[in-house]
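So the structure is just underneath, and the comments pick up after that.
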Amino acid sequence: MDVSATLAGLRFGDHVCAPIRQGRELHAFAVAFARDGLQAGHKVFMAVTHPAPLREHLADRLPTAAGAVTAGQMEIIDSRDNYLGSGGFSPDRLIDRFHGLVDAAHRDGYPGLWVLGDLSGLIPDVPTEAIVDYEARVNRVYAQRSALAVCPYPPEVVGDQAWQQLAAAHPCALTTSGDAVVCRLRSEPTPAGLRLVGEADLTNHAAVPHLLSAVAGRRGGIELDLTAMTYADTASLVEVLRTATARAPRPTTVTCNSHHARVLTLLGAPAIPTLTVTTGGRQ
Amino acid sequence: MTRYQPQPAAQPDLLAVDFTLETAAAVRRAVASCTRRHLPADAADGFVLAIGEIIANAVVHGGGGGSLRLWRGGEAVHCQVRDQGAGIAAHHMRPERPPSVTACSGRGIWMAHQLCSVAFTTGPRGTTVRLTSAACAAQPAGVRAARAQHAGLN
């Protein structure tokens, strides 16, 4: 199915696992993705398993595509060139690469970077566990940069268990049918830290420590704004406490609604002297 | 085996639905929507978190999903979550102390106990968990104790 309707309203900080099949489904989604990204004035970067047919499809279906490629606003490359290169699959190198792509987009005058990152064709040459690890760690890029990514993984190709692991590494995943968002969390950078928006539960809380890691290493104090979290499970809030504990003696301030403050209290927040919890309204 | 006698719903179900990993969040949202019509905001949020943790437990340990009923009875809202897993050990049903921040699991059921009344029926063919919200604006004992202990919270 075409999941572009399900994923309408993509914003910076989104990192989405989507059940998009190769061929017609990917092409249909890429048209909507490129159209929206280009219209918004962003750099659109697509790393896909079969770039040549996608280029042809976009040229056919999106009048602005050819001009955008020529102007450098859109780039469509082979996944293997992007994710493996000459040095093999290296999450650290890829994280640096995506930081570099965002930097380059800014230098070229684009507000941000939209990524369609298709790693499904790397399986099984690259173990699923390594891709899951990469997808979790790359969250820090989307947590703090003007960037978003949609990652197509066909469930029937990667398998049910791998799909669940891949989905859990993303802060947002769609149902395997593609007709609904399971749970959506995204991170927005703020001057003093980050703001988490949406929901965190068992389907995506594995991504939470990686989102928090984007600012955890900062010198001085940081502020974690949870006021736009409409649901945070216990495991997610424990990650907030772990971050504050690991940062000591550097101060951490958490702003959240009274419910989350209450849960943080139950979990032991007052025992962390460098952590300040302030209530900042209910969403 | 720990047993309790499920009470018949005093009023028609507010919600009766099955859930899996994929639908757990949607069910939780539906629970929140129903609960917020019947409880004060903070009490509703705590009750929804408790239910969310029990749903997660059913998905992870109870065979991948289960069924949920939600109903109003008296001044409280009641929820029953049933799964078909292999049962749950007694020490998991009533953790005596909060797991440490470094522990990898075990907090969900503990947290549910802090936020509402929780009762288990469990055996090799499944587990049924009954959760009852605090009545009206009453605050769960766990929250009162934590507040008293950590009066310095901003």
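Residue numbering restarts at 1 for every chain, and letters A, B, ... go by the order of the sequence lines.
The structure places CG of B:L49 at 5.0 Å from NE2 of A:H259, a figure rounded to the nearest 0.5 Å. Atoms CG and CG, on B:D42 and A:N257 in that order, are 7.5 Å from each other to the nearest 0.5 Å.
Heavy atoms closer than 4.5 Å to chain B are found in the side chain of A:Q164, but not in its backbone. Both the backbone and the side chain of A:V263 come within less than 4.5 Å of a heavy atom in chain B. In this structure, the portion of A:A232 lying under 4.5 Å from any heavy atom of chain B is its backbone and not its side chain. If you measure heavy-atom distances from B:V48 to chain A, the contacts under 4.5 Å come from both the backbone and the side chain.
The shortest distance between side-chain heavy atoms of B:L115 and A:R262 falls below 4.5 Å. Between A:L202 and B:L21, some side-chain heavy-atom pair lies under the 4.5 Å cut-off.
The two atoms that bring A:V182 and B:R29 nearest to each other are O-NH2, 2.7 Å, heavy atoms only. The two atoms that bring A:T234 and B:M111 nearest to each other are OG1-CG, 3.5 Å, heavy atoms only.
Side-chain N or O atoms of B:E22 include one that pairs as donor or acceptor with a backbone N or O of A:T176 at under 3.5 Å. With B:R28 contributing its side chain and A:Y231 its backbone, the two residues share no donor-acceptor pair below 3.5 Å.
Atom CD of A:E156 has more than 12 neighbouring heavy atoms from other residues, nucleotides or ligands inside a 6.0 Å radius.
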